[in-house]
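Order of appearance sets the numbers: ligands from 1, and atoms from 1 within every ligand.
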Amino acid sequence: MNPQDAWAKAYHQLQIQLDRPTFDTWLRDLILLDASTPDVFVIGALNSYIRDMLEFRLYRTIRKAVSEAAEKTVELRFEVYTPPKANPDAPDDMPLFKLLAQQQAAQEAHAEREVSDDSLSKRVGRPQRPDLPQSELNPRYTFDRFIAGTENEMVYAAARSVVERPASAYNPFFIYGDVGLGKTHLLQSVAHDCIARKLRVIYIPSEVFTNDLVDAIRSRSTAMFRDKYRSVDVLIVDDIQFISGKETTQEEFFHTFNALYTFGKQIILASDRPPHELQTLEARLRSRFEGGLVMHMPPPSLETRIAILQMWAKERDVKFDSQVLEIAAGTKDRADGRAMNVRELEGIFNHMVASMHLTRQPLTAPDAADIVDNFRRPRHVVTISYVLEMTARQHGLTVDDLVGSRRDGAINHTRQVAMYLVREMTSTSLPQIGAAFGGRKHTTIMHGCHKVAEDMANNFVTRAVVEDLRARILKGE
Ligand code: ADP
Ligand code: MG
């Protein structure tokens with residue numbers, strides 16, 4: 001078989017054998033440049049970035065395919081080539097990062113000619129690894145505080161094994177399920193543990209990714225944006241459903257995804273629904289999401305709910321007898337047919353603790369039943385303005401104080417508490433919350449929420465204030 005035919009055959013074989021993202025990103029534009037040296041195929045790649053990747057990661061796979069097609073053992077050499085009719089304007093389907101890499105390759109070509117045997121390890125040092133902003137993680141969202149019952153132990157185990165072997169078993173790892181079932185808790189547990197293992201991690205709600213991208217485009221710093229997101233070992237994007245309908249975000253996320261995936265980096269996503277129900281998601285992204293492990297986060301069983309209550313009681317050093325705990329965990333689903341979620345359970349628990357502290361008496365079964373009934377009654381919808389109003393009232397302030405710019409006294413802290421509760425109790429995005437708080441930036445909101453989460457972990461006064469307020473808002477009193 002002549003070399004050109006062997007190459008065509010191998011190329012076709014690789015297309016079948018490799019997954020789509022790998023093939024499209026790294027092999028799509030390869031050509032056979034030269035085969036005049038016996039048993040050596042010189043393969044042309046569009047830029048040094050792709051060439052390094054092929055040498056570093058895909059050499060053996062490609063060599064095997066070529067050797068089989070040529071029916072003899074061949075060696076490969078990858079070289080950068082310029083296509084004859086190179087169009088300096090990027091073709092429409094040129095992924096942004098490929099274009100970037102091409103420009104970079106052009107700049108480097110000169111330097112590389114002088115230092116011709118630049119070592120591979122040096123060359124694969126790209127992309128740049130800028131310092132990452134610290135991920136805003138809730139210190140309480142850790143694996144040891146996540147109760148795994150029989151219904152959710154698979155998801156829990158999968159999350160743990162992602163930490164043990166990032167990017168090897170489950171990539172991407174996609175968790176979906178209703179609100180309040182522990183998706184964010186699990187995602188952040190993975191983040192905490194990966195950080196402890198010195199991995200580069202970004203945990204980010206998808207709305208923040210979008211905002212970051214918009215900022216980068218506006219300030220013409222998209223290269224930095226890409227370096228940041230493509231230099232991580234683990235990228236965790238929460239509430240990915242919010243990228244539905246946002247084309248630019250989807251485009252950029254698609255390329256981020258491909259770049260990370262092909263470099264063997266872990267991607268973890270959470271959503272309120274499975275990929276195929278994400279209506280305005282581009283098909284190619286949906287198929288990427290479905291290409292890994294997609295798992296449903298089920299509502300907690302009664303036993304799990306009781307175990308969660310027991311854990312919280314122990315942490316807070318309060319005692320409830322087992323009958324009370326069972327009542328609190330609820331044996332029936334709610335009137336509207338939805339199973340009880342853990343966030344509601346938290347509300348019930350906080351009420352029980354508050355009620356017990358108030359009366360200084362052990363909580364009886366009828367007391368517990370009352371509290372649960374209160375929660376079971378169809379409740380009002382918690383809105384941003386309601387949270388603002390309640391928070392202001394509770395602290396002797398006005399809503400204007402909270403959304404305004406005064407920072408004196410306790411206003412700033414109270415404002416952050418309001419941000420935290422709005423974020424937790426309403427389904428509004430960070431930018432929307434920022435707008436409601438007098439046009440603050442989403443990063444300010446994130447910072448505020450993070451501050452309060454940390455305070456609550458370390459300071460029981462803050463915790464009591466927030467929990468009391470949350471209980472009142474839930475009750476609508
Ligand atoms: P989601 O992201 O799915 O909406 P969260 O992760 O925000 O849900 O969980 C809501 C609350 O319930 C959090 O306080 C979380 O710690 C708690 N929670 C959920 N599931 C569990 C669990 N299995 N064990 C312990 N806490 C849980
Ligand atoms: Mg969540």
Subject >> Other residues, nucleotides, ligands: >12 heavy atoms within 6.0 Å of Met154 CE >> reply: no
Original post:
For Glu277, does the CD atom have more than 12 heavy-atom neighbours from other residues, nucleotides or ligands under 6.0 Å away?
Top reply: yes
Among protein heavy atoms, which lies nearest [atom], and at what distance?
| atom | value |
| --- | --- |
| atom 7 (O) of ligand 1 | Arg343 NH2, 2.7 Å |
| atom 27 (C) of ligand 1 | Val342 CG1, 3.6 Å |
| atom 15 (C) of ligand 1 | His185 ND1, 3.4 Å |
| atom 8 (O) of ligand 1 | Gly182 N, 3.0 Å |
| atom 24 (N) of ligand 1 | Ile147 N, 2.9 Å |
| atom 13 (C) of ligand 1 | Tyr141 OH, 3.5 Å |

**OP:** May I have all residue pairs that pass salt bridge (Lys or Arg N to Asp or Glu O under 4.0 Å) and include part of residues 143-154, sequence neighbours excluded?
**Re:** Arg145-Glu315
Subject >> Residue pairs, two or more places apart or on separate chains, that pass salt bridge (Lys or Arg N to Asp or Glu O under 4.0 Å) and touch residues 421-431 >> reply: Glu207-Arg423, Glu424-Arg470
**OP:** Heavy-atom distances under 4.0 Å are what count here, so tell me which part of Thr184 touches ligand 1: side chain, backbone, both or neither.
**Re:** both
Subject >> Region of Arg145 engaging ligand 1 - heavy atom pairs below 4.0 Å >> reply: backbone
**OP:** Taking 2.8 Å as the upper limit, name the protein N, O or S atoms near the Mg ion (ligand 2).
**Re:** Thr184 OG1
Original post:
Who's closest to atom 1 (P) of ligand 1 heavy-atom-wise, of Gly180, Ser271, Ala453?
Top reply: Gly180
Subject >> Numbered atoms of ligand 1 (with element) below 4.0 Å of Glu346, judged on heavy atoms >> reply: 11 (C), 14 (O)
**OP:** Below 4.0 angstrom from a heavy atom of Val179, which ligand 1 atoms are there? Numbered from 1 as shown, please.
**Re:** 4 (O)
**OP:** Please name all residues satisfying side chain to side chain donor-acceptor pair (under 3.5 Å) with Asn152, sequence neighbours left out, ordered by chain then number.
**Re:** none
Original post:
Does Arg230 make a cation-pi contact with Phe263 (under 6.0 Å, within 45 degrees of the axis)?
Top reply: no
**OP:** Would you kindly check if the NZ (Lys) or CZ (Arg) of Arg160 is within the cone defined by 45 degrees around the ring axis of Phe143 and under 6.0 Å from the six-membered ring centre?
**Re:** yes
**OP:** Indicate whether any N or O donor in one side chain lies under 3.5 Å from an N or O acceptor in the other, for Gln188 and Asn138.
**Re:** no
Closer than 4.0 angstrom, basic N to acidic O: yes or no for [X] and [Y]?
| X | Y | result |
| --- | --- | --- |
| Arg406 | Asp401 | yes |
| Asp212 | Lys228 | yes |
| Glu467 | Arg316 | yes |

